[in-house]
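Okay, so here's the structure we're looking at.
Worth knowing before you read on, the calculation uses all heavy atoms, side chains too, and leaves out hydrogens, waters and symmetry mates. Within every chain, numbering begins at 1; the chains are lettered A, B, ... in the order of the sequence lines, protein sequences first and strands thereafter.
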Amino acid sequence: MKFWSQYFIPTLKESPADAEIASHKLLVRAGLVRKLSGGLYTYLPLGLRVMQKLSQICREEIERGGGIELSMPHMHPAENWEQGPRWAAAREIMFRTDTAGAGRGRSKEPEFVLGPTHEEVITPLVKTEITSYRDLPKNFFQIGTKFRNEIRPRYGLMRAREFVMMDAYSFDVDDDHAIKSYLAMKAAYEAFFKRIGIHAIAVEADTGVMGGSFSHEFMVPAEIGDDDVIYNEASGYAANREKATSAIVPGDLRDATPEGVLEEFATPGVVTIAALEAAPYSVAADKQFKTLIYMGDGQPFAVILRGCDELEEAKLGSLGFTLFRPATPDEIEPVMGAKPGSLGAVKGTIKDAAALVGVFADHAIRLVGNGTTGANKDGFHLRHVNVVRDLAITKFGDFRRVRAGEPDVKSGQPLQVKRGIEVGHIFKLGTKYSEKYGAVFTDDQKQSHPMVMGCYGIGVGRTLQAVIEQCHDADGIVWPWNSAPFHVLVCVLDPQLPEAMDLAKKLAGAAERAGADVLIDDRAERPGVKFKDADLVGVPLRLTIGGKGLKEGIVELKWRTSKDVAKVPLAEIEARITAAVAEAQSKANA
RNA sequence: CGGGGUGUAGCUUAGCCUGGUAGAGCGCCUGGUUUGGGACCAGGAGGUCGCAGGUUCGAAUCCUGUCGCCCCGACCA
């Protein structure tokens with residue numbers, strides 16, 4: 001048991017000016033963290049306790065899912081990363097030492113990076129230590145500090161430069177086994193989020209810079225989340241914005257027979273979809289082809305969408321480029337023959353078609369039929385453009401951004417959108433890293449194969465904040481039992497009375513024997529202050545010992561989730577505490 | 001990195017437009033009265049007004065630069 005007067009819980013009446021969202025304000029007001037600098041936080045005792053609780057539950061569930069705990073350095077030689085597949089993409093977000101070549105008495109210092117995740121460390125380790133199928137599968141995990149040079153840290157622990165993450169890496173002999181490991185981790189995640197008392201949903205996700213074949217994000221629905229979840233309640237479909245697709249193009253769509261003769265017409269000054277929609281042209285946006293030029297690893301490629309659709313840039317990741325970005329007008333003109341606004345992909349109109357490494361079309365352009373697009377001549381467009389007849393398409397794909405209301409691919413029912421906080425992510429990586437680092441094993445036929453990997457992350461600090469975001473009211477935090485820094489708060493209104501303190505210690509002891517963590521508020525504060533702090537800090541079960549109650553022979557018992565106060569006779573109080581703790585535990589672990 | 005905002009006591013802030021003794025609330029210290037939902041009275045400590053230049057007789061206030069922080073965008077656990 002801890003005594004508030006001896007402990008350190010600096011609560012604040014007012015929210016700090018730099019906190020915007022409820023969970024961030026409460027994190028600071030309830031005395032869980034203090035900011036050192038943008039994206040860097042000190043965990044105060046209470047915050048640390050919650051981090052430790054979450055970490056421990058996470059550890060238990062990951063172990064249950066097959067994980068073996070170890071701990072890797074936070075600082076890595078840049079060399080490890082240079083040998084890996086994502087150095088170019090990842091170096092942007094890493095903190096790096098700038099001592100390379102600087103000396104300090106030596107002719108050359110190696111460059112170091114602070115690890116944002118550890119594929120680049122675990123894979124070489126496994127390469128040297130595991131060589132036989134007999135030693136597989138293995139799933140290694142750690143819980144520790146990660147570093148990311150976030151362009152814009154924000155929302156307290158939600159997006160920090162230094163943060164605590166559980167990261168796990170699975171190694172299997174083949175795809176089937178890798179999928180088993182993946183599903184075991186998915187189940188472990190679900191168990192973890194359930195135990196800590198928050199609602200998190202698994203949604204299909206893009207693999208992003210991690211690479212890999214498929215992936216789920218674990219999202220906590222919240223207004224302030226920075227990701228959109230596209231979902232349909234009834235069908236169970238759920239995907240993040242980057243991955244989400246819809247059944248907007250019917251599976252049995254037959255491309256229309258080409259209509260009309262391709263024809264150029266003058267459109268002076270028209271460089272936007274909207275301008276072409278307006279009189280005198282009056283071409284509806286869904287009858288236009290939008291042509292975008294991107295640079296993929298230094299080479300230009302085109303993406304064609306309907307005029308009414310938006311590009312979902314992350315979906316370009318499926319094209320296999322390591323790095324891509326929108327091309328600049330200077331890069332576009334020599335290739336296409338015109339500036340942005342007059343571009344098109346009609347055969348024969350592209351100035352240097354050979355320079356394009358691909359023309360990638362969104363499936364939905366097949367709905368356009370007889371459409372209009374740029375003529376690759378400034379001030380001119382083409383009409384009666386037909387997909388099959390006129391466009392030289394390298395590959396069709398899903399590149400458009402899904403909108404709410406479009407039909408779900410599973411059920412055809414309208415999709416909905418809500419915001420969420422990404423608290424965890426699981427990837428089936430495949431052999432991307434194992435091939436690169438030579439992490440191979442020998443099978444029972446003496447054949448050598450790359451290990452099939454998966455990687456898994458849970459942002460512990462972010463999860464802590466997501467718990468607060470999901471579990472609070474106007475008065476403060478309302479901790480779920482298993483996440484709470486303390487389970488029971490014994491509020492002693494008259495700590496100067498020895499009999500009050502004696503009783504408090506006795507009750508605290510009873511609660512501890514029942515398995516609860518107990519905090520005794522023995523401060524010489526007025527009752528109002530104590531009650532306000534109790535609500536702010538959000539301990540699930542509050543026992544109040546007051547001078548008046550003592551005379552009546554009762555102790556008050558109150559749950560943070562309810563306004564009801566039970567006046568319990570002293571003779572019964574210990575049994576009631578034991579029962580209450582047992583009940584809360586069984587509910588939380590059901 | 002682009003756009004917007006902001007920096008005054010430990011915290012929340014007024015003052016800045018229109019230059020002239022830096023103010024309040026919370027918190028803190030002392031004493032007293034209080035004591036079941038953030039008490040009251042009296043007294044007190046605490047501020048190079050982010051930093052550096054400049055304009056001016058005089059700068060928190062005007063100008064320039066710079067740094068930090070916050071918000072919106074791209075990225076992510």
Contact class for V423(A) vs. all strands (heavy atom < 4.0 Å): base, sugar-phosphate, or nothing?
-> sugar-phosphate

Nearest-angstrom distance, P atom, rA59(B) to rU21(B) = 12 Å

Using atom C1' of each nucleotide, how far apart are rG5(B) and rG50(B) to the nearest Å?
-> 16 Å

Of P16(A) and R542(A), whose nearest nucleotide on RNA chain B comes first from the 5' end?
-> P16(A)

Can you name the salt bridge (charged side-chain N to carboxylate O under 4.0 Å, His left out) partners of R526(A), sequence neighbours left out?
-> none

Quick one: is rG37(B) close enough that its OP1 or OP2 comes under 4.0 Å of any side-chain N or O from K532(A)?
-> no

Can you tell if the side chain of R34(A) reaches within under 4.5 Å of the side chain of V28(A), non-hydrogen atoms only?
-> yes

Nearest to the side chain of R462(A) - rG38(B), rG36(B), rC76(B)?
-> rC76(B)

Using only side-chain N and O atoms of R148(A), determine if any of them is under 4.0 Å from OP1 or OP2 of rC76(B).
-> no

Toward the 5' end of RNA chain B, which comes first, K558(A) or T463(A), by nearest nucleotide?
-> K558(A)

Pair K432(A) + E119(A): basic N to acidic O under 4.0 Å = no

Would you tell me whether T11(A) and D533(A) have side-chain atoms, one donor and one acceptor, within less than 3.5 Å of each other?
-> yes

With rounding to whole Å, what would you report as the distance between rU13(B) and rA74(B) at their P atoms?
-> 28 Å

Can you give me the N/O atom pairs linking the protein to nucleotides 69-72 of chain B at distances under 3.5 Å, or say none if there are none?
from: rC69(B); atom 1: OP1; to: S37(A); atom 2: OG; distance (Å): 3.0
from: rC69(B); atom 1: OP1; to: G38(A); atom 2: N; distance (Å): 3.2
from: rC69(B); atom 1: O3'; to: K35(A); atom 2: NZ; distance (Å): 3.0
from: rC70(B); atom 1: OP1; to: K35(A); atom 2: NZ; distance (Å): 3.4
from: rC72(B); atom 1: OP1; to: Y155(A); atom 2: OH; distance (Å): 3.0
from: rC72(B); atom 1: OP2; to: R152(A); atom 2: NH1; distance (Å): 3.2
from: rC72(B); atom 1: OP2; to: R152(A); atom 2: NH2; distance (Å): 2.9
from: rC72(B); atom 1: OP2; to: R154(A); atom 2: NH1; distance (Å): 3.0
from: rC72(B); atom 1: N4; to: R152(A); atom 2: NE; distance (Å): 3.4

May I ask you to evaluate whether K13(A) reaches the phosphate of rG27(B), defined as a side-chain N or O under 4.0 Å from OP1 or OP2?
-> yes

C1'-based separation of rC26(B) from rA14(B) [nearest Å] | 15 Å

Ring pair (Phe, Tyr, Trp, His ring centres under 6.0 Å) involving H24(A) - partner list, sequence neighbours excluded = none

Would R419(A) and D228(A) satisfy salt bridge (charged side-chain N to carboxylate O under 4.0 Å, His left out), going step by step from the backbone distance to the final call?
-> CA-CA 5 Å; R419(A) 305 288 282 168; D228(A) 282 335; 2.7 Å; yes

Considering only atom P, compute the distance from rU48(B) to rU6(B) and round it to an integer number of Å.
-> 24 Å

With P as the reference atom in both, quote the distance from rG23(B) to rG44(B) in angstrom, rounded to an integer.
-> 14 Å

Could you tell me whether E313(A) contacts a base, only the sugar-phosphate backbone, or nothing, with contacts defined as non-hydrogen atoms closer than 4.0 Å?
-> nothing

Any protein N or O atoms within reach of nucleotides 30-33 of chain B? Criterion: under 3.5 Å, listing atom names and distances.
none

Tabulate below the donor-acceptor pairs under 3.5 Å that side-chain atoms of residues 190-203 of chain A make, not counting sequence neighbours, or state none.
from: K194(A); atom 1: NZ; to: A590(A); atom 2: O; distance (Å): 2.6
from: R195(A); atom 1: NH1; to: E60(A); atom 2: OE1; distance (Å): 3.0
from: R195(A); atom 1: NH1; to: E61(A); atom 2: OE2; distance (Å): 2.8
from: R195(A); atom 1: NH2; to: E60(A); atom 2: OE1; distance (Å): 2.8

What donor-acceptor contacts under 3.5 angstrom involve side-chain atoms of residues 491-502 of chain A, with partners at least two apart or in another chain?
from: D494(A); atom 1: OD2; to: G547(A); atom 2: N; distance (Å): 2.7

C1' atom, rG32(B) versus rC51(B): distance in rounded Å?
-> 45 Å

